[in-house]
Amino acid sequence: MADQIKENQQQADLKRSLGLRDVFFLSFGGMSPLLSLLTYGAVALEYGGPLAPLIMIIGMLLVLINGLVVMQLSKRFRTSGGYYTYAFQALTERVGLSTGWMYLFYSSLYAMAYVVGAVFVVNTIFGISSYLIFFVIIIPAVTFLILGVRPSSKYAVYTGIVEILVIVVIFAFSIFLSGGSAYIPNPITMHISSGYLALGILFAMSIPTGYGSIAPISGEIKDPEKTVGRAAVSVIMVGGALATIFLYGIYNLLLHLGISIPAAGGLPILGILENHFSVYSYYIIIVVAIASINDGILALLSFGSAASRTIFRMGVDRSFPSFFAKKIRDQPIAGNITISLVLFIIPLIMITRLPNETAFIILGTIASLGGLFIHIIADFSLIRIGLRRGKRMLLRGAKGVWSRTKDYKEVILAITASIITSIELIYAAYSTVLVYSTLFLIWIVLGYIIVDIKDIVTKTPYTTKLGKEDRMIAERIKDLTSLKVRRALPDVVVSLDDTLQQAIQKCVNMDSQGAAVVDKYNNPVRTFILRDVFLLSEQEIAKTHVRDIWLEQVVTIDRNTGVSDMIKLFKEYRVPVLCIIDENGKLAGTVREREVLMALGSGDIEKPGPKQKPLFQ
């Protein structure tokens with residue numbers, strides 16, 4: 001058994017080789033800096049006009065709120081999987097599977113959008129065949145992706161530094177060509193409509209989003225509790241700052257020249273770079289084209305790596321078939337190959353059937369909706385964790401308003417983020433083309449259908465030819481019900497009116513991680529978990545009652561519940577104790593995980609355990 005546990009643990013781990021610099025540049029490349037400025041930045045510039053830099057700062061700060069949510073969650077979860085793992089561990093297995101399914105949708109489409117966007121930009125500049133540009137991007141990107149996250153991060157570091165320099169140089173040239181003049185974005189004197197302001201902020205928020213690719217690769221990051229959060233916040237701040245100075249420089253130049261924002265095949269900023277940077281325009285355009293190709297590669301590497309690690313983790317957790325948990329040389333090879341095929345086939349079909357600009361808009365819009373959805377789930381994951389932590393912290397002493405606020409700071413942060421993100425999601429879904437919103441909703445529905453199908457399949461016994469020993473095991477498992485499993489160990493039950501000291505003593509005496517909680521009528525109402533009192537002092541434990549702390553939901557079964565259903569309930573709800581109830585809803589006994597394991601490992605299921613009160617009288 002120990003060898004099997006060790007083997008499973010090794011299978012679930014990937015080699016930790018990424019430091020802060022590697023993670024920063026890999027995720028920075030995921031936001032495709034120049035490419036996002038040529039697209040989303042252009043729309044923010046059109047709507048915001050002279051206030052575009054200010055709008056970009058507001059958008060960056062709003063994105064930062066979700067980045068802080070990721071920072072708090074990353075302190076608690078070290079493994080790969082990111083948003084899927086957050087929902088799987090903090091909420092439920094079903095929500096986790098739906099979130100993982102949605103993250104694969106978001107990350108894959110996001111990577112594809114920037115690949116097609118790069119094809120669109122380079123094709124617009126040089127008129128080169130879209131297929132040729134696509135293969136120039138996809139071949140090195142897929143190669144790096146299959147080789148692993150370490151080579152990908154090294155490529156991202158060097159090219160990311162170059163791209164930062166390119167943005168800074170373009171800003172410097174814009175100030176130089178403006179004769180050193182500068183303007184102040186003053187919202188009092190420079191008026192734009194509230195509708196344009198909202199739309200400008202919406203598109204500005206779409207620029208510093210590369211941090212969404214960090215959390216899923218946590219399993220390969222050194223010291224992820226610190227590194228993931230720092231990288232996420234740094235990417236948002238640096239990406240937002242670069243976008244702000246870029247947009248400022250562009251509009252400052254237009255203001256100096258006395259011209260309006262031009263339109264150039266759906267890429268107005270490209271038109272400005274091409275026509276208003278004096279003798280430098282030719283060279284800048286060539287650099288922008290090369291940078292766009294690099295952005296396409298980086299986006300695929302960043303979000304492709306995140307998607308493959310999510311697939312890998314879902315395979316480890318059996319949310320997906322275990323085949324996807326296969327790895328070679330510490331690389332999730334099944335996930336890498338699967339996502340590489342998806343990122344190769346779908347964009348190729350789209351640029352064959354649709355204009356490049358249309359394909360980019362479709363992929364980018366739907367990916368943005370998916371990204372908002374998974375961040376809302378992450379917010380709710382932190383809300384649940386924060387509520388539990390806040391309840392524990394409140395018991396430690398001070399009860400002032402400021403102390404209560406500090407105890408629930410994670411909840412406040414997550415609720416704020418969820419409100420902002422929900423408003424943005426509703427507005428974006430309402431404003432976009434109906435077909436795009438429909439495709440987004442269809443994918444969500446498919447996710448829930450897959451969850452239901454998985455539940456049905458895992459409950460359905462397989463009809464296969466069994467040997468004599470297999471038949472004996474199958475018969476024994478089939479006959480194991482809560483009535484028989486419950487005999488192995490004493491029931492562990494506490495009352496709402498018990499002190500925490502009494503509850504802890506009962507759990508310790510019975511070697512249990514928790515206990516069923518009953519009211520004065522012997523109705524099971526909640527579940528007490530021992531770890532929830534670890535932060536309390538001895539004095540607080542002695543004075544505080546069970547009813548005063550955070551208690552988990554109660555999970556009830558009847559006397560005929562089978563062992564497979566009990567195993568599933570333990571996994572789904574992550575409680576240490578299941579409550580057996582009688583026909584009147586009264587507590588009739590408890591089942592612990594260890595009792596299930598003892599029953600499965602015992603050859604004699606009828607062997608009596610400790611004497612217990614009758615289950616049903």
Side-chain angles (χ1 to χ4, degrees), residues 5-27 29-30 69-90 93 96-97 99-101 103-104 106-108 111 144-154 156 210-232 235 301-340 374 377-378 381 385:
I5 294 173
K6 184 177 180 181
E7 181 181 349
N8 291 338
Q9 182 63 38
Q10 290 175 344
Q11 184 186 29
D13 290 337
L14 296 171
K15 184 178 180 180
R16 297 188 183 277
S17 59
L18 301 179
L20 178 60
R21 185 186 65 170
D22 302 311
V23 178
F24 171 83
F25 280 103
L26 189 62
S27 56
V69 170
V70 172
M71 171 182 277
Q72 295 304 115
L73 288 169
S74 67
K75 293 177 181 178
R76 294 173 168 85
F77 303 104
R78 295 172 49 88
T79 60
S80 56
Y83 299 90
Y84 156 75
T85 300
Y86 301 158
F88 187 91
Q89 298 290 342
E93 181 181 353
L97 176 53
T99 303
W101 174 257
Y103 184 83
L104 295 177
Y106 152 68
S107 56
S108 300
F144 276 117
L145 183 59
I146 293 177
L147 286 176
V149 72
R150 184 65 179 170
S152 301
S153 66
K154 290 301 180 185
Y211 74 97
S213 65
I214 298 176
I217 61 173
S218 296
E220 294 164 275
I221 297 175
K222 300 174 184 176
D223 195 12
E225 296 92 340
K226 297 179 180 179
T227 303
V228 171
R230 290 174 181 174
V235 167
L301 286 180
S302 180
F303 282 94
S305 296
S308 68
R309 272 60 184 176
T310 301
I311 292 174
F312 169 77
R313 190 68 216 179
M314 294 176 78
V316 170
D317 293 336
R318 301 299 189 269
S319 294
F320 276 0
S322 58
F323 164 78
F324 290 106
K326 298 294 183 182
K327 61 179 184 176
I328 296 177
R329 296 180 180 178
D330 281 315
Q331 290 301 317
I333 190 65
N336 285 347
I337 293 175
T338 300
I339 203 65
S340 296
I374 61 108
I377 300 297
S381 299
I385 293 172

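We count residues from 1, following the sequence as given.
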Go through the steps to decide whether V70 and I214 satisfy the test side-chain contact (heavy atoms from CB on, under 4.5 Å), and finish with yes or no.
CA-CA 9 Å; V70 172; I214 298 176; over 6 Å; no

Roughly how far, to the nearest 0.5 Å, is CZ of R313 from OG1 of T85?
5.5 Å

Quick check: do L97 and F88 have side-chain heavy atoms less than 4.5 Å from each other?
no

S108 and I339 have their tightest heavy-atom pair at OG-CD1, 3.2 Å

For S308, the side-chain hydrogen bond (donor to acceptor under 3.5 Å, both in side chains) test, sequence neighbours excluded, returns N336

Measuring from I385:CD1 to Q89:CD, what's the distance to the nearest 0.5 Å?
9.0 Å

Kindly write out the residues that satisfy side-chain hydrogen bond (donor to acceptor under 3.5 Å, both in side chains) with Y86, not counting sequence neighbours, or none if the list is empty.
none

Looking at OG1 of T338 and CD1 of I333, how far apart are the two atoms once the value is rounded to the nearest 0.5 Å?
9.5 Å

Please name all residues satisfying ring pair (Phe, Tyr, Trp, His ring centres under 6.0 Å) with Y103, sequence neighbours left out, ordered by chain then number.
Y83, Y106

Spacing of OG1 belonging to T227 relative to CG belonging to L18, to within rounding of 0.5 Å:
9.5 Å

Smallest separation among heavy atoms of I377 and A87, with atom names
CG2-CB, 3.8 Å

If we ignore hydrogens and angles and just use 3.5 Å, is the side chain of S319 paired with the main-chain N or O of G315 as donor and acceptor?
no

Nearest heavy atoms of V235 and Y211, plus distance in Å
CG1-N, 4.0 Å

Residue pairs passing the salt bridge (Lys or Arg N to Asp or Glu O under 4.0 Å) test with at least one member in residues 75-84, sequence neighbours excluded, are R76-E410, R78-E225

Distance check, rounded to the nearest 0.5 Å: K326 atom NZ versus F312 atom CZ?
11.0 Å

What is the minimum heavy-atom distance between S80 and R309, and which atoms define it?
OG-O, 4.2 Å

Under the rule for side-chain hydrogen bond (donor to acceptor under 3.5 Å, both in side chains), what residues qualify as partners of S218, not counting sequence neighbours?
none

Go through the structure and list residues passing side-chain hydrogen bond (donor to acceptor under 3.5 Å, both in side chains) with E93, not counting sequence neighbours.
K454

Just verifying a value: how many Å separate S302 OG and L26 CG, rounded to the nearest 0.5 Å?
4.5 Å

Can you give me the closest heavy-atom contact between A306 and P216, atom names plus distance?
O-CB, 3.4 Å

Among D317, T99, T310, which one satisfies side-chain hydrogen bond (donor to acceptor under 3.5 Å, both in side chains) with Y84?
D317

Hey, does the side chain of R318 reach the backbone of V316 with a donor-acceptor pair shorter than 3.5 angstrom?
yes

If you look at every heavy atom in L145 and S340, which pair is closest and at what distance?
CD2-OG, 3.3 Å

Carefully, step by step, assess S213 and F303 under the rule side-chain contact (heavy atoms from CB on, under 4.5 Å).
CA-CA 5 Å; S213 65; F303 282 94; 4.0 Å; yes

Student check: side-chain heavy atoms of V23 and V228 closer than 4.5 Å
no

